[in-house]
There are 2 protein chains.
Amino acid sequence: MKQANKKIFREFAAQKGLKSTRQRDAILDLFLSSDRHMSIEELYLKLRAKYPTIGYATVYRTLKLFAESGIAREIHFGDGQTRYEHVGRGEHHDHLVCTRCGAIVEFSNETIENLQEAVAEEHGFLIETHKLELYGICARCRK
Amino acid sequence: MKQANKKIFREFAAQKGLKSTRQRDAILDLFLSSDRHMSIEELYLKLRAKYPTIGYATVYRTLKLFAESGIAREIHFGDGQTRYEHVGRGEHHDHLVCTRCGAIVEFSNETIENLQEAVAEEHGFLIETHKLELYGICARCRK
DNA sequence: CAGCAATTGAAAGTGATTTTCACTATACAG
DNA sequence: CTGTATAGTGAAAATCACTTTCAATTGCTG
Ligand SMILES: [Mn+2]
Ligand SMILES: [Mn+2]
Ligand SMILES: [Zn+2]
Ligand SMILES: [Zn+2]
């Protein structure tokens, strides 16, 4: 997925007249090779290590571009910070979030998705997106 | 539910040594008799009408107490504002949110809830809470 | 290389929420 | 009823997570 997403972003950038900059490239590389759910702050701190002068604004702006291009998705787990996660073409998944250690497990359940559609239909809604998050204690923390 | 929740909060307040104040009572009455999903700002503005000197801080603090006591639940629909909704003893529901007009429809689906449990179990998680929100266009806005 | 638009980072600005603090109100003992 | 200890209040300042502004820099195109 990494190379595919790199290509998707390059194409997006090209047709939008975005320039290729040292910072943007560094952020893209870091994002694509990092943990799947990173907060801006985590990304910023890691970037600083290799690129001490990079600014918060640049990181924020760049991650928005990633989301716009379709290679990233913004997620909110209710801790006040925005996270970004990788998105593969046409992929979708939901999350289990450990309230103890913060671990995030991804899952996808076709049946649930279908039932969501059914519920929406009952109420005349046309679903655009949805959010399903299960919060609890992960296997590790339960031991 | 209104009287029941009033009683629940009174008991919570008593055992926590919270005092009964004019403001707290006003906020409780307004909250319990209002729309089921109110933002702090909406509550604040309505309160101001009857109680011109009430401060934002008091409203924020009081709603947190309501949540702590179990009569209210904090909800985040991604518009940057925290909302609070009524909670009845042992009740639970999820939401359909119209991205056009902001309408909120509540629903509950036993089958989905059971599948969530099954998913959690597969991953060794013990669910504490969950959030299921379906965003889309409501029946009215589709016409 | 010149010309110009896009990009960057520091710093100021936002908007929601929280904290601080001096003042006030409540509850409970006497 | 008081007097007191304590909790609560509201205005204003502080925080937090972003977002915008802007002057300086950089990438591209020709
Ligand atoms: Mn994920
Ligand atoms: Mn609701
Ligand atoms: Zn855990
Ligand atoms: Zn609508």
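Letters A, B, ... are given to chains in the order of the sequence lines, protein chains preceding strands, and every chain is numbered from 1.
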Among pairs that include at least one residue of residues 99-122 of chain A, which meet salt bridge (Lys or Arg N to Asp or Glu O under 4.0 Å), considering only residues two or more places apart or in two chains?
A/Arg36-A/Glu106
Measure up the B/His93 and B/His95 rings against each other and bin them: parallel (under 30°), tilted (30 to 60°), perpendicular (over 60°).
perpendicular
Quick one, B/Ile104 with B/Glu85, criterion side-chain contact (heavy atoms from CB on, under 4.5 Å). Give me CA distance, side-chain angles, the key distance, then yes/no.
CA-CA 11 Å; B/Ile104 297 167; B/Glu85 70 171 344; over 6 Å; no
Quickly, which of A/Lys46, A/Lys6, A/Lys50 forms a salt bridge (Lys or Arg N to Asp or Glu O under 4.0 Å) with A/Asp29? Name it, please.
A/Lys6
Rounded to whole Å, please give me the gap between CZ in B/Arg24 and P in C/dA25.
15 Å
Would one find a side-chain N or O of B/Gln23 under 4.0 angstrom from OP1 or OP2 of D/dG8?
no
Determine whether the aromatic ring centres of A/Phe66 and A/Phe31 lie less than 6.0 Å apart.
yes
Write down the distance between OH (A/Tyr60) and P (D/dC16), rounded to a whole number of angstrom.
13 Å
Distance-only donor-acceptor check, side chains B/Gln81 and B/Ser39, under 3.5 Å:
yes
Which whole-number value in Å describes the distance from B/Tyr56 OH to C/dA16 C1'?
9 Å
Give a yes or no on this: more than 12 heavy atoms of other residues, nucleotides or ligands lie within 6.0 Å of atom CZ of B/Arg48.
yes
Heavy atoms only, 4.0 Å cut-off, all strands: where does A/Lys64 land among base, sugar-phosphate and nothing?
sugar-phosphate
Please check: side-chain N/O of A/Asn5 versus main-chain N/O of A/Val87, any donor-acceptor pairing under 3.5 Å?
yes
For residues 100-143 of chain A, pull every pair meeting ring pair (Phe, Tyr, Trp, His ring centres under 6.0 Å), keeping only residues two or more places apart or in separate chains.
A/His92-A/His130
Tabulate protein N/O versus nucleotide N/O from nucleotides 26-30 of chain D, keeping only pairs under 3.5 Å, one per line.
unit_1, atom_1, unit_2, atom_2, d
D/dG27, N3, A/Lys19, NZ, 3.4
D/dC28, OP1, A/Ser20, N, 3.2

Check DNA chain D against residues 68-87 of chain B and give the residues with a non-hydrogen atom under 4.0 Å, in numerical order.
none
Provide, to the nearest angstrom, the distance between the OH atom belonging to A/Tyr51 and the C1' atom belonging to D/dT25.
11 Å
Within the 3.5 Å criterion, strictly below it, is a donor on B/Glu128 or A/Thr99 matched to an acceptor on the partner's side chain?
yes
Distances under 3.5 Å between nitrogen or oxygen atoms of protein and nucleotides 21-24 of chain D:
unit_1, atom_1, unit_2, atom_2, d
D/dT21, O4, A/Arg61, NH1, 3.3

Strand-adjacent residues in residues 32-44 of chain B, judged by heavy atoms under 4.0 Å from DNA chain D:
none
